[in-house]
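Read the structure below first, then the notes.
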Amino acid sequence: RLTYQMAGVDVEAGNEFVRRIQAQLPAIGGFSGLFPIDEERLLVASTDGVGTKLELALASQSIATIGIDLVAMVVNDLVTCGARPLFFLDYFATGKLELAQAEQVISGIIQGCREADCQLLGGETAEMPGFYPVGKFDLAGFGVGLVTRSNVIDGRNVVAGDLILGLPSSGPHANGYSLIRKILQVKGHALEQPFGVQTLGETLLTPTRIYVKEVLALCQHFEVHAIAHLTGGGFSNVNRVIPEGLQARIDFTAWPLPPIFTWLQEAGNISPEEMRRTFNLGIGMVLIVPPGAAEQIRDAHGQLLTIGEVKEA
């Protein structure tokens, strides 16, 4: 059985690192950080990358959409507290600047910003000879949003009995790719092999879904107690947004597992528990809502699924 830790990623070490930082800087937020600019308005900031999904994109010579992933990972974190993304900046680092390559990446970032309805202000292009191998580069993104105090969604109103609704993902998004790459390496699978109507590589490189517009619309019209972005750590992210003494009970039979996750589980002989703490399993964003609002929200957004309930711990 392959695990994320065997692929070189220690999630528990990462969680411990966050705990140590929070002990020194208690103002650090969960998915994003909030900073008051006056009595009513707060700036919300988040930063992220695309992980080793970038390695697959380079290996398959398909980097046109990796910029969308970069924007998505940041703005989807911003919206978890109800913030509207305002602007985005990127950091592009390479050993030698290849103009066509860089242009493809930035074009994807521009497209992602359009989907998130935010402005790309600029960024940094760092050329560092000898530091990165030829043809390789790395990406990071930084975004800022805005929310009023009265509209902040922080999980404090979550109570036992609240329902957990899930929005479908477009695939693994940009998490778990070290394990995915390990599966490909150990099992000898090629990115060019057929997978449905696409190749395996095309399926794995499907860009991360950007949830900003639909989530903000739902927050504007319905009561939402908490929002979780299912990124690194998989479904453990849901418990990050609910108060102590409560826990999320997810019904993993409530939706069909998309084919790519079935394939990954079988190809890597991965346990169900490892799948749940590594991948989003087809659910990219979670909303926690009172039972009375759940049916109305599902009617307003046909893709939302009831996937669990908040219970006493």
Side-chain angles (χ1 to χ4, degrees), residues 15 17-49 70-91 109 112-124 140-159 162 164-165 167 208-233 237-244 246 248 284-290 293 297 310:
N15 291 338
F17 178 58
V18 172
R19 283 191 289 268
R20 293 186 185 189
I21 293 174
Q22 286 179 324
Q24 301 178 63
L25 300 169
I28 289 179
F31 292 97
S32 53
L34 284 74
F35 181 83
I37 54 175
D38 56 34
E39 291 298 319
E40 179 58 19
R41 298 174 300 165
L42 300 102
L43 290 177
V44 184
S46 181
T47 186
D48 211 334
L70 182 66
V71 175
M73 297 305 289
V74 173
V75 298
N76 285 344
D77 276 355
L78 293 178
V79 80
T80 59
C81 64
R84 175 174 63 89
L86 297 176
F87 59 83
F88 185 87
L89 299 104
D90 69 272
Y91 175 77
I109 292 172
C113 285
R114 286 184 184 136
E115 290 183 27
D117 198 19
C118 70
Q119 181 69 46
L120 176 62
L121 289 187
E124 165 68 4
F142 172 80
V144 170
L146 183 71
V147 66
T148 60
R149 290 183 186 274
S150 58
N151 290 324
V152 170
I153 296 172
D154 56 12
R156 69 179 62 189
N157 293 324
V158 174
V159 296
D162 278 355
I164 302 171
L165 307 182
L167 279 165
T208 304
R209 181 172 170 177
I210 293 176
Y211 297 95
V212 171
K213 293 179 181 178
E214 55 196 313
V215 169
L216 289 180
L218 289 170
C219 292
Q220 183 178 1
H221 294 100
F222 302 100
E223 184 178 359
V224 177
H225 287 168
I227 305 173
H229 183 199
L230 298 195
T231 56
N237 286 288
V238 183
N239 283 314
R240 291 171 58 189
V241 298
I242 60 179
E244 289 187 20
L246 300 174
M285 190 75 83
V286 160
L287 281 69
I288 300 178
V289 304
I297 293 175
V310 176

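When a residue number appears, it is its place in the shown sequence, counting from 1. Everything numeric here is computed off the predicted structure, so don't read it as measured data.
- By the side-chain contact (heavy atoms from CB on, under 4.5 Å) test, Leu218 is found to be paired with Phe222, Leu287, Ile297, His301, Leu304, residues two or more places apart in sequence or in another chain being considered.
- Ala45 pairs by the side-chain contact (heavy atoms from CB on, under 4.5 Å) definition with Phe142, Val144, not counting sequence neighbours.
- Leu42 contributes atom CG, which lies 8.0 Å from atom OG1 of Thr148 (distance to the nearest 0.5 angstrom).
- Looking at residues two or more places apart in sequence or on another chain, you find a side-chain hydrogen bond (donor to acceptor under 3.5 Å, both in side chains) between Thr208 and Asp69.
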Passes side chain to side chain contact (heavy atoms under 4.5 Å, CB included), Leu89 versus Glu124? Steps please. CA-CA 8 Å; Leu89 299 104; Glu124 165 68 4; over 6 Å; no
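- Under the 4.5 Å side-chain criterion, counting only non-hydrogen atoms from C-beta, Glu40 is in contact with Ser150.
- Note on ring orientation: taking the six-membered ring where Trp is involved, the planes of His229 and Tyr211 are perpendicular (angle over 60°, cut-offs 30° and 60°).
- Pairing each heavy atom of Ala116 with each of Val71, the nearest pair is CB-CG1, 4.5 Å.
- Here the shortest heavy-atom pairing between Cys81 and Ser32 reads SG-OG, 4.0 Å.
- In terms of the side-chain hydrogen bond (donor to acceptor under 3.5 Å, both in side chains) criterion, residue partners of Arg41 (sequence neighbours excluded) are, by chain and number, Asp38.
- Residues passing the side-chain hydrogen bond (donor to acceptor under 3.5 Å, both in side chains) test with Asp117: none are found, sequence neighbours excluded.
- Scanning for side-chain contact (heavy atoms from CB on, under 4.5 Å) contacts around Arg156 gives Asp154, with sequence neighbours left out.
- With hydrogens and angles ignored, the 3.5 Å screen pairs no side-chain donor or acceptor of Asp48 with any backbone N or O of Val74.
- In this view, Arg209 and Glu214 satisfy the salt bridge (Lys or Arg N to Asp or Glu O under 4.0 Å) rule, not counting sequence neighbours.
- Interatomic distance, Thr231 OG1 to Met285 CE, rounded to the nearest 0.5 Å: 9.5 Å.
- In this structure, the side-chain hydrogen bond (donor to acceptor under 3.5 Å, both in side chains) partners of Asp162, at least two apart in sequence or on a different chain, are His225.
- Contact annotation: the side chain of Ile227 approaches that of Cys219 to within less than 4.5 Å [non-hydrogen atoms, C-beta and beyond].
- For the residue pair Gly232 and Asn237, the shortest heavy atom distance occurs at O-ND2, 3.2 Å.
- Contact check for Val310 versus Ile164: side-chain heavy atoms found under the 4.5 Å cut-off.
- A donor-acceptor pair is defined here as one N or O able to donate and one able to accept, closer than 3.5 Å; such a pair exists between the side chain of Asn76 and the backbone of Ala72.
- Across Val238 and Ala228, no two heavy atoms sit closer than the pair CA-CB, 4.0 Å.
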Does Val286 form a side chain to side chain contact (heavy atoms under 4.5 Å, CB included) with Leu230? I'd like the steps, not just the answer. CA-CA 7 Å; Val286 160; Leu230 298 195; 4.2 Å; yes
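- Residues satisfying the salt bridge (Lys or Arg N to Asp or Glu O under 4.0 Å) criterion with Glu115, sequence neighbours excluded, are absent altogether.
- Closest non-hydrogen pair, Glu223 versus Pro290, comes out as O-CD, 3.4 Å.
- The two residues Val147 and Ala83 have their closest heavy-atom pair at CB-CA, 3.9 Å.
- For the pair Leu146 and Leu43, the minimum side-chain heavy-atom distance is below 4.5 Å.
- Residues passing the side-chain contact (heavy atoms from CB on, under 4.5 Å) test with Asp90, sequence neighbours excluded: Leu70, Phe88, Phe92, Ile106, Ile109, Leu120.
- Looking at Arg149, its side chain does come within 3.5 Å of a backbone N or O of Glu39 through a donor-acceptor pair.
- Arg114 CZ to Gln119 CD: the interatomic distance, rounded to the nearest 0.5 Å, is 10.0 Å.
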